[in-house]
Enquirer: 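Handing you a structure now.
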Amino acid sequence: MSFSSLGLSPALLRAIQASAYAVPTPIQLAAIPAALQGRDVLGSAQTGSGKTAAFALALLQQLQDRPPQRARRLRALILVPTRELSAQVGEEIRKLAQHLPQALKVSIVFGGVSLNPQMLRLRGGSDIVVATPGRLLDLLDHNALSLGSVSTLVLDEADRLLDLGFAEELARLLALLPAQRQNLFFSATFPPAVQALAQTLLRDPVRVEVLPAPQTQPAIAQRAIAVDAGRRTQLLRHLIQLNHWRRVLVFVATKHAAEVVADKLRKVRIYAEPFHGELSQGKRTQVLADFKASRLKVVVATDVAARGLDIAQLPVVVNFDLPRSAVDYTHRIGRTGRAGESGLAVSFVSADTEAHFRLIEKRQGLSLALEQIEGFEPLPSAMPSAMSTGGTPIDPSSGGIKGKRPSKKDKLRQAAAGGQ
Ligand code: AMP
């Protein structure tokens, strides 16, 4: 199946060609025709599936078919969880809209930067707004735009929108939208809260649940390496140098850890930058641009900041700190192996995180052997239990490591592990 069979205009086909998309991805094949018929769509799609272009192309075709009568009025609203994603989605739409006979104004709206320039840019109206919910509400409170004429609403990464605590903002925004509208709903996962939201929003949706086709299935090799927590930076440095990794996205649990790990890598002349929510938007944009242009070898990121990052051909992701949940694990490793490229995801596992890793593994339906890297073998007393070779046994009631008092988190994890 080709793009030309999907009912898209020559102007959109030209933009697709310029983007070098040879054939539609499964989600595009399924979602575009349904959306063009005006149906609501419920898409189960991971990042990397081509879902952005799926809804963007459908939207643009519809806007082109129905040019505005008089003044520019907001017709499509796309809600996304993070500022990076709003910029990426906005840019993709602009790229795909570039040859349309009637120019469309696409406004990108996100928090963390001053309000006034965004208010100025919204003057004169927009055809499409891509926004994070909180900032959009601020702008609505300032009468910078109105949602009264929106005919299509897209919720992108609905699970993440709820994870990040946007439920209340979403409810306020939905109340401001016209009842008569098309809804395109995309989510990578469908926990009960996401299902409930989909149910309230969608009318008789076309369900698009696409298993990745063989040619687009990201081939992500997953490895787990046992290492003492205190030696992870050294191991990371060793792996980068040994394997000649050119571009690595490293995940850590906190902003502080992002700063510290990046700092340590820079000290050994591995060009690394932290990436977290406390950096200014300018700095984040700069880091991303440097990473994309390969001026930067390593980005050390927190989960929220890295959500939605789309860096083509990102070969390696490292879980320096393990993710909190199996869902976060999926999101993290999804940063590599995008759009059919192969990728590698490496998790560092130490004695006190092994139980947690096993939980993630179980939820993922995985079974990974814990590897040891020569020169970085864990000390016997701190060795993950599955690999202990006669070292000090690990007393589960002690939180995993002998002599360490169990924290509240340890106890919760033990309870969870026992309940599986
Ligand atoms: P998304 O799932 O929207 O995050 O898209 C992931 C990546 O796939 C982006 O880098 C897109 O540029 C790329 N992409 C989207 N559609 C196609 C296609 N039909 N063929 C190849 N790459 C695509």
Side-chain angles (χ1 to χ4, degrees), residues 1-8 12-33 35-36 41-61 76 78-98 106 108 128 130 154-161 184-189 208-220 247 249 288-289 291-294 305-315 317 330-343:
M1 273 285 240
S2 67
F3 275 108
S4 53
S5 63
L6 292 178
L8 299 170
L12 289 175
L13 293 176
R14 208 174 136 201
I16 290 167
Q17 208 169 21
S19 300
Y21 300 165
V23 288
T25 63
I27 190 98
Q28 291 162 0
L29 274 179
I32 293 173
L36 288 182
V41 171
L42 176 59
S44 166
Q46 309 277 346
T47 37
S49 59
K51 67 183 163 57
T52 313
F55 66 71
L57 288 166
L59 269 182
L60 292 171
Q61 182 63 49
I78 299 157
L79 294 176
V80 296
T82 64
R83 35 186 164 176
E84 275 71 32
L85 196 59
S86 63
Q88 278 170 22
V89 168
E91 287 314 317
E92 174 116 15
I93 296 175
R94 284 179 183 156
K95 192 177 74 179
L96 292 170
Q98 62 184 315
V106 182
I108 301 170
I128 302 177
V130 185
V154 180
L155 278 198
D156 191 15
E157 307 203 353
D159 50 355
R160 205 62 186 178
L161 276 164
L184 309 178
F185 188 106
F186 292 89
S187 193
T189 58
V208 181
E209 202 173 338
V210 203
L211 295 172
Q215 76 273 19
T216 55
Q217 186 152 30
I220 304 174
R247 236 188 305 185
L249 180 59
L288 216 57
F291 198 37
K292 279 189 179 170
S294 297
R307 179 71 183 136
L309 289 188
D310 175 22
I311 298 154
Q313 296 176 320
L314 186 58
V317 166
T330 306
H331 287 313
R332 283 183 179 190
I333 72 167
R335 308 292 102 205
T336 182
R338 294 167 75 77
E341 302 287 336
S342 63

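Residue indices begin at 1 and follow the sequence shown. In each ligand, atom 1 is the first atom listed, and ligand 1 is the first ligand listed.
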Enquirer: Roughly how far, to the nearest 0.5 Å, is the CG atom of Leu249 from the CD1 atom of Ile333?
Expert: 12.5 Å
Enquirer: List for me each residue that meets side-chain contact (heavy atoms from CB on, under 4.5 Å) alongside Leu6, sequence neighbours excluded, and say none if there are none.
Expert: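 By the side-chain contact (heavy atoms from CB on, under 4.5 Å) rule, Leu6 matches Phe3, Leu8, Pro24, Leu29, Ile32, Pro33.
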Enquirer: Look at atom 23 (C) of ligand 1 and find which of Phe55, Tyr21, Phe186 reaches it with the closest heavy atom.
Expert: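 Residue with the shortest heavy-atom distance to the ligand atom: Tyr21.
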Enquirer: Could you state the interatomic distance from OG (Ser187) to CG (Leu42), rounded to the nearest 0.5 Å?
Expert: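 Nearest 0.5 Å value for the OG-CG distance: 8.5 Å.
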Enquirer: Between ligand 1 and Ile16, can you find any atom pair, the residue atom being a heavy atom, that is separated by under 4.0 Å?
Expert: no
Enquirer: Checking the N or O distance criterion of under 3.5 Å, is ligand 1 in contact with Ser49?
Expert: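 Yes, Ser49 has an N/O under 3.5 Å of an N/O on ligand 1.
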Enquirer: Quick check on contacts: which atoms of ligand 1 are under 4.0 angstrom from a heavy atom of Val23?
Expert: 18 (C), 19 (N), 20 (N)
Enquirer: Would you check whether Gly50 has a nitrogen or oxygen atom less than 3.5 angstrom from a nitrogen or oxygen atom of ligand 1?
Expert: yes
Enquirer: Just verifying a value: how many Å separate Glu157 CD and Thr52 OG1, rounded to the nearest 0.5 Å?
Expert: 7.5 Å
Enquirer: If you round to the nearest 0.5 Å, how far is CD1 of Ile16 from NZ of Lys95?
Expert: 10.5 Å
Enquirer: Give, for atom CZ of Phe55 and atom CG of Asp156, the distance between the pair rounded to the nearest 0.5 Å.
Expert: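 Here the rounded value is 4.0 Å.
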Enquirer: Any nitrogen or oxygen of Ala53, side chain or backbone, less than 3.5 Å from one on ligand 1?
Expert: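 The answer is no, given that Ala53 and ligand 1 share no N or O pair closer than 3.5 Å.
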Enquirer: With heavy-atom distances below 4.0 Å as the criterion, list the atoms of ligand 1 near Thr25.
Expert: 17 (C), 18 (C), 19 (N)
Enquirer: Any idea which part of Phe3 is under 4.0 Å from ligand 1, heavy-atom wise: side chain, backbone, both or neither?
Expert: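 It is the side chain that gets close, since no backbone atom is under 4.0 Å.
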